[in-house]
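One structure is given below, encoded as C-alpha cells.
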Protein chains: 2
Amino acid sequence: MSAGTGAPLAGGVHGPGHLRALTAVVLDTLESAARARGGPLPAGGPDEVARRTTALAAPVLPEEGIGAEAALVDLVRAVAEGAADPADPACVAHLHCPPLAVAAAAELAGAALNPSMDSWDQAPAAGVIEELTTAALARLVHPEAPAPDALITSGGTESNLVALLLARERVAPGPLRVVTGANAHHSVHRAAWMLGLPAPAVVACHDGRIDPAALDRTLAGLGGGPVLVVATAGTTDEGRIDPLPEIARIAERYGAELHVDAAYGGPLLFSERLAPRLAGLDRAVSVTLDLHKLGWQPVAAGVLAVADTALLAPLSLRADYLNADDDTEAGLPDLLGRSVRTTRRPDALKVAVTFRALGRRGLSELVEHCVRTAEEFGRAVDARPALRRRPGAIGISTVLFRPVVADALEAEAGDAVIAEVRRTLLMDGRAVLGRAVAEDGDGRHRLWLKATLLHPAAASADLLPLLDLVTEAADRAAAAEVGDSRSAAGGAGAPATERLSP
Amino acid sequence: MSAGTGAPLAGGVHGPGHLRALTAVVLDTLESAARARGGPLPAGGPDEVARRTTALAAPVLPEEGIGAEAALVDLVRAVAEGAADPADPACVAHLHCPPLAVAAAAELAGAALNPSMDSWDQAPAAGVIEELTTAALARLVHPEAPAPDALITSGGTESNLVALLLARERVAPGPLRVVTGANAHHSVHRAAWMLGLPAPAVVACHDGRIDPAALDRTLAGLGGGPVLVVATAGTTDEGRIDPLPEIARIAERYGAELHVDAAYGGPLLFSERLAPRLAGLDRAVSVTLDLHKLGWQPVAAGVLAVADTALLAPLSLRADYLNADDDTEAGLPDLLGRSVRTTRRPDALKVAVTFRALGRRGLSELVEHCVRTAEEFGRAVDARPALRRRPGAIGISTVLFRPVVADALEAEAGDAVIAEVRRTLLMDGRAVLGRAVAEDGDGRHRLWLKATLLHPAAASADLLPLLDLVTEAADRAAAAEVGDSRSAAGGAGAPATERLSP
C-alpha cells in the first residue's frame with residue numbers, strides 16, 4: 001500500500017506500530033497531567049479551566065496542522081489536567097465510575113479496528129462477541145425466561161427510550177400511558193416526550209421509593225387502557241430500589257407491563273449476597289442496565305434486557321445496502337434490528353473482556369466492595385457530631401449527609417449552605433460531591449450532599465478526609481450566611497465574593 | 001489509596017502504568033492477528049467466524065475470571081482475526097472508514113479519564129474542548145450565520161433524529177410533515193416513526209438525486225402546514241449530492257425548512273476545491289455530519305450543526321443533580337441541553353486532536369485524495385471491457401460498477417450474479433464490496449457492486465486487484481447461473497451449494 005499522506009492509520013498490519021508511538025505519548029501525558037492536577041479536579045472553577053484549556057486547544061481547526069504528537073500532548077494534557085477524575089476517591093458526585101484499565105485497553109482495540117455493528121461485513125467477529133455478551137446479560141436478568149435477549153445501547157437514557165418505544169409499538173395505536181415514580185430518572189419523561197406519548201403519570205414516593213398504595217390508586221384512576229409502569233432499581237439521587245415484587249403484582253393486577261430502570265442497581269445481580277435486593281426484576285418485560293456505572297466501563301456501555309427476543313421485533317428494519325433479503329437468506333447475519341442507531345461502536349468488546357478477565361466472582365467482589373464501603377462511610381458520618389446522615393437505609397452505594405450547622409439556619413439558608421459547600425470544594429479542586437433533594441426524618445425535603453461510591457478499590461479510610469473538608473467548608477459557609485443575614489438585617493448586603501471569607 | 005481488589009484502574013496517577021502493560025498486549029495481539037488474517041476479512045463466512053470467535057470468547061461471563069492479559073489476548077485476537085478491516089484497500093463496502101492512528105490514540109485518553117459530558121463536574125476541560133470543537137464545526141457549516149452551533153451525536157442516525165425532533169417542536173402542535181427524496185437514508189423514515197410523525201412524503205429522484213420539479217409538486221400537493229424538507233449531500237448508495245440551491249429555493253417558496261443529511265459529504269467543506277459542490281448547504285436550518293465517515297474517526301463522531309444556537313432550545317432540560325438553578329447561576333456551565341443522551345462520551349476529544357494535528361489543509365488533502373482515487377478507479381473500470389461503470393458522474397468517492405457478463409442474463413439473473421460475486425468475495429475473505437440498486441443508462445434500476453473509497457492513503461493502483469477479483473468471480477457466477485437455468489430447463493434444479501463450482 002502507498003505510504004501516502006503522512007496520516008498513519010490505526011488498522012492493518014502497520015497500525016499497531018503507529019499506535020505504539022502515539023499511545024506512549026498519550027500515557028506519558030496522562031501521567032504527568034495527573035500529577036500536575038494533584039487532586040480530583042483542577043482548582044479555579046469554570047473560568048480558570050476554560051482559560052487553561054483554551055490556551056492548549058485553540059484554535060481547534062487551524063489552517064495548518066501541528067502534527068499528531070504535538071496535538072496529542074496539548075489536548076491530552078488539557079483534558080487530563082482539567083479532568084474530574086473518578087479514580088480519585090474524592091470524586092464521588094455522580095454515577096460516574098472510574099474505568100478499569102482492562103476495559104480501557106480493550107477500547108483501544110475497538111478504536112483501531114473500528115467495526116461497525118450494523119452489518120456482518122463491517123463486524124464479522126465483533127458481531128459474534130456482541131451476541132455472546134448480550135446473551136449472557138439477558139440470562140443474568142431473566143434467568144428463567146425461555147428466550148431472553150438484550151441490546152447494547154449508548155446508556156440508560158437510550159435504554160429507557162427504546163423500552164418505551166417497544167411498549168408503544170406493542171399497543172399501537174395505543175395510546176400508551178407511562179406511569180412512573182417521582183424518583184424516576186428524567187430520561188423516562190424525556191423518552192415519553194420524544195416518542196410523542198402523553199407525559200408520564202407520576203406516583204408519589206415514600207422514603208425515596210414508589211409507594212405501592214399510591215401506584216395502585218394511580219392505575220385505578222387511569223381507568224384501563226395500555227400502561228407501562230416504570231420502576232427504578234437504584235435511584236440517581238439516593239440509590240434506592242423500588243419495591244419491585246409489590247409493583248410487579250400491582251401492575252399485573254391492572255394488566256400493565258413493567259419496565260425497570262436498573263441502570264445503577266443492575267450489577268447487584270453479579271453478587272449472590274446482593275442479588276436478592278433485586279427480587280422481582282425478572283418480572284419486568286424490559287430492564288435498563290448501565291455497565292458504565294457499577295460495571296467500571298468507559299462510557300458507553302448501556303444495556304436493555306428484554307424478557308423475550310420477540311419483543312424486539314419493532315426494531316427490525318430492511319435496508320438493502322446492509323441486509324438485503326437475498327444476503328440474509330444466504331446466511332449473512334442481520335444486525336440492523338439490534339439498535340435504534342445505525343453505525344455503532346463495538347461497546348460489547350470491552351464488556352466481554354472485563355467479564356472474562358474478572359469472572360462473575362470478580363465483578364461480585366467489586367460490587368460488594370462499593371456497597372460495604374458505603375456502609376462504612378455512612379457509619380463514619382454517623383460518628384461525627386458535626387454531620388448527620390439522611391435517616392434510613394443507604395441506597396446501594398449512595399450516602400446522603402448534611403453538616404448540622406445547616407440545620408441551625410432557616411430551611412432555605414440551610415440548603416444554600418449545602419450547595420455552597422459543594423461549589424466551594426469544586427472551585428478549590430478538593431472534592432467532587434453531588435447534591436440531592438431528599439426526604440428528611442421529619443418528612444420534609446431538604447438538600448443533601450451526596451457521595452456516590454463507585455470506586456472499586458478505595459477503602460472507607462480513603463474517603464474520611466472528605467468529611468473534614470465538608471465540615472470545614474460548612475462552618476465557613478454557615479458563618480457567611482449568618483454574616484449575610486446580619487448585613488441584610490443591617491440594610492447592606494455583603495458582596496457575593498466575600499461570602500466565603502467572612 | 002488501598003491497593004484493593006486486583007482490578008487496576010485506568011485513571012489517576014497509576015492508571016497510565018497499568019495501561020502501558022495492557023495496551024502493549026493489545027497492540028501486539030492486533031499486529032499478529034492482522035498478519036494471521038492476511039486480508040481484508042477472514043475467510044469462511046459467518047459460520048466459520050462464529051466458530052472461531054466463540055472458541056476464544058465463550059463463556060463471556062465465567063464464574064472465575066481468567067485475568068486481564070489472558071482475556072485481552074483471546075478477545076482482541078478474536079475481534080482482530082475476525083475483522084473486516086477498513087485499513088485494507090479491499091475493504092470498501094460501506095461508509096466505514098479506517099481510523100487515523102492519532103484519533104484512536106486520543107480515544108485511549110478519553111477511555112482512561114472517562115469524562116461524562118452531561119455536567120461540568122464530570123467533564124470540566126472536556127466540556128471546553130467540546131465547545132471549541134462544535135464552534136469550529138458550526139462555523140464551517142454556517143459561516144455567515146451570526147450564532148451557529150453544533151452538537152456532538154452518536155452518528156448520522158441520531159443527528160437526523162434530533163433534527164426532526166427540533167423541527168417538530170418548532171411547529172408544535174404541528175403536525176410536521178417531512179418530505180425527503182427516494183435516495184434518503186432509512187434513518188429519516190425511522191426518526192419520523194420514532195417521533196410519532198406521519199411517514200415522510202417521498203420525492204422521486206432522477207439519476208440518484210432529488211428531482212426539483214417532483215419536489216415542487218409534492219410541496220404543492222401538501223397544501224400548506226409546516227414542512228421539513230430533508231435533502232442528502234452524499235447518498236449512501238451512490239454518494240450523490242442533491243441539488244441543494246434549487247431545493248433550498250423551492251422549500252423557501254413554500255415556507256418549508258430544509259435539513260441536509262451531509263453525513264457523508266459534509267467534509268468536502270474542508271477542501272476549497274470541493275466545497276462548492278455543497279453550495280446551498282448553509283441555507284439549511286440543520287445539517288448532519290459524520291466524522292466517522294469521511295473524517296477518519298473511530299465511531300462515534302456524529303455532528304448536528306444548526307444555523308442558530310436558539311434552535312437548540314427544545315433540548316434544554318433541568319435535572320437538579322446535574323444543573324440545579326443555583327449552580328448554573330453560580331457559574332457552573334450547563335451541558336445537559338447539548339444532547340438527547342445524558343451520560344456521553346468525550347467524542348469531541350479525538351475530533352479536536354485530529355483537527356489540530358492535520359489542520360484544515362491536512363484534512364482537505366485526505367478528502368481530495370479519496371475523491372481523486374475514486375475518479376481514477378472509475379477510469380480503471382471504464383478501461384476494462386469485462387466491467388462497466390454506472391453511467392454518469394461519480395458520487396464523491398463511491399463507484400458503482402457491474403461485470404458485463406451480468407448484462408447478458410435476464411434482469412433478475414444478472415442481479416443475482418452481482419449479489420453472488422459480492423458474497424463469494426466475502427466468504428473467501430478476499431474483498432468487502434458493497435451493493436446498491438441504482439438507475440442504469442436506460443432508466444431501469446439494476447443491482448451494482450459498490451466501492452466506497454474512504455481510504456486516505458490507498459492509491460488507485462492498490463485497488464486494481466479488486467477488479468480482477470470481481471471479473472473472475474463474475475465469470476464463475478454467470479457460468480453457474482447459465483448452468484442453473486439449463487438444469488432448470490431440463491427439469492432438475494442444481495443444488496445451491498454447487499452454484500459456485502459448475
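Chain identifiers are assigned alphabetically (A, B, ...) following the order of the sequence lines, protein sequences preceding nucleic acid strands; residue numbering begins at 1 within each chain.
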- line: Assert top hit (heavy-atom pairs under 4.5 Å, partner chain A, pool Glu158(B), Arg35(B), Arg190(B)) equals Arg190(B)
message: Check whether His94(B) reaches the backbone of Ser119(A) with its side chain - one donor and one acceptor, N or O, closer than 3.5 Å.
response: no
task: State plainly whether the residues Arg435(B) and Asp320(A) are in salt-bridge range, i.e. N to O under 4.0 Å.
output: no
message: Check this for me: does any side-chain nitrogen of one of Glu64(A) and Arg356(B) sit under 4.0 Å from a carboxylate oxygen of the other?
response: no
- prompt: Which of the residues Leu72(A), Thr23(A), Asp290(A), Leu95(A) is involved in the greatest number of heavy-atom pairs with chain B at under 4.5 angstrom?
  reply: Leu72(A)
query: To the nearest 0.5 Å, how far apart are CH2 in Trp120(B) and CG in Leu41(A)?
result: 5.5 Å
- request: Counting only heavy atoms closer than 4.5 Å, note whether Arg344(B) contacts chain A via side chain, backbone, both or neither.
  value: backbone
statement: Given Pro99(A), Ala104(A), Pro298(A), the one with more heavy-atom pairs under 4.5 angstrom with chain B than any other is Pro99(A)
Winner by heavy-atom pair count (cut-off under 4.5 Å) against chain A, out of Leu195(B), Asp327(B), Thr157(B), Val340(B): Asp327(B)
field: Between CG on residue Leu61(A) and CG on residue Leu358(B), distance to nearest 0.5 Å
entry: 10.0 Å
salt_bridge(Arg20(A), Asp28(B)) N-O dist < 4.0 Å: yes
message: Out of Asp237(A), Thr236(A), Thr29(A), return the one with the most heavy atom pairs under 4.5 angstrom to chain B.
response: Thr236(A)
- prompt: Checking Ala57(B) against chain A: side chain, backbone, both or neither under 4.5 Å from a heavy atom?
  reply: both
- request: Count the heavy atoms of every other residue, nucleotide or ligand shown that sit under 6.0 Å from CD of Glu131(B), and state whether that count exceeds 12.
  value: no
statement: Output for pair (Glu63(B) CD, Arg360(A) CZ), nearest 0.5 Å, gives 6.5 Å
task: Could you tell me which of Cys97(B), Gly434(B), Ala419(B), Ala103(B) has the largest number of non-hydrogen atom pairs under 4.5 Å with chain A?
output: Cys97(B)
query: Under the side chain to side chain contact (heavy atoms under 4.5 Å, CB included) criterion, do Leu108(B) and Leu27(A) qualify, and how do the steps go?
result: CA-CA 9 Å; Leu108(B) 180 62; Leu27(A) 295 175; 4.0 Å; yes
message: So which residue, Val102(A), Asp121(A), Leu22(A), ends up with the most heavy-atom pairs under 4.5 Å with chain B?
response: Asp121(A)
field: His455(B) vs Leu9(A), side chain to side chain contact (heavy atoms under 4.5 Å, CB included): CA-CA, chis, key distance, verdict
entry: CA-CA 9 Å; His455(B) 196 301; Leu9(A) 298 178; 3.3 Å; yes
query: Which one of Gly362(A), Gly155(A), Ala112(A), Ala136(A) has the most heavy-atom pairs closer than 4.5 Å to chain B?
result: Ala112(A)
message: Has Asp85(B) got a side-chain atom pairing as donor or acceptor with Gly12(A)'s backbone, closer than 3.5 angstrom?
response: yes
task: Can you measure from NE2 (His292(A)) to OG (Ser116(B)) and round to the nearest 0.5 angstrom?
output: 7.0 Å
- request: Please state whether the side chain, the backbone, both or neither of Leu317(B) comes within less than 4.5 Å of a heavy atom of chain A.
  value: side chain
message: If we define contacts as heavy-atom pairs under 4.5 Å, which of Ala21(A), Ala68(A), Pro124(A), Pro333(A) has the most with chain B?
response: Pro124(A)
- request: Return the option, out of Leu363(B), Val76(B), Leu165(B), with the maximum number of heavy-atom pairs under 4.5 Å with chain A.
  value: Leu165(B)
field: Options Ala71(B), Pro42(B), Pro346(B), Ala126(B), ranked by heavy-atom pairs under 4.5 Å with chain A, top entry
entry: Ala71(B)
Gap between atom CG of Leu161(A) and atom CE of Met194(B) - 0.5 Å precision: 4.5 Å
Pairwise side-chain contact, Leu100(A) with Pro8(B), heavy-atom cut-off 4.5 Å (strictly under): no
- request: Inspect the contact between Arg345(B) and Glu107(A) and indicate whether a charged nitrogen and a carboxylate oxygen are less than 4.0 angstrom apart.
  value: yes
message: Measuring from atom CG of Leu19(A) to atom CG of Leu30(B), what distance do you get when rounded to the nearest 0.5 angstrom?
response: 7.5 Å
message: Can a donor-acceptor pair be found, under 3.5 Å and without considering hydrogens, that links the side chain of Asn114(A) to the backbone of Pro98(B)?
response: no
message: Quick test of your reading of the model: are Asp326(A) and Arg422(B) salt-bridged, counting only N-O distances below 4.0 Å?
response: no
Contact winner vs chain A - Pro59(B), Pro115(B), Ala300(B), heavy-atom pairs under 4.5 Å: Pro59(B)
query: Among all residues two or more places apart in sequence or in another chain, which pass the ring pair (Phe, Tyr, Trp, His ring centres under 6.0 Å) test with His18(A)?
result: none
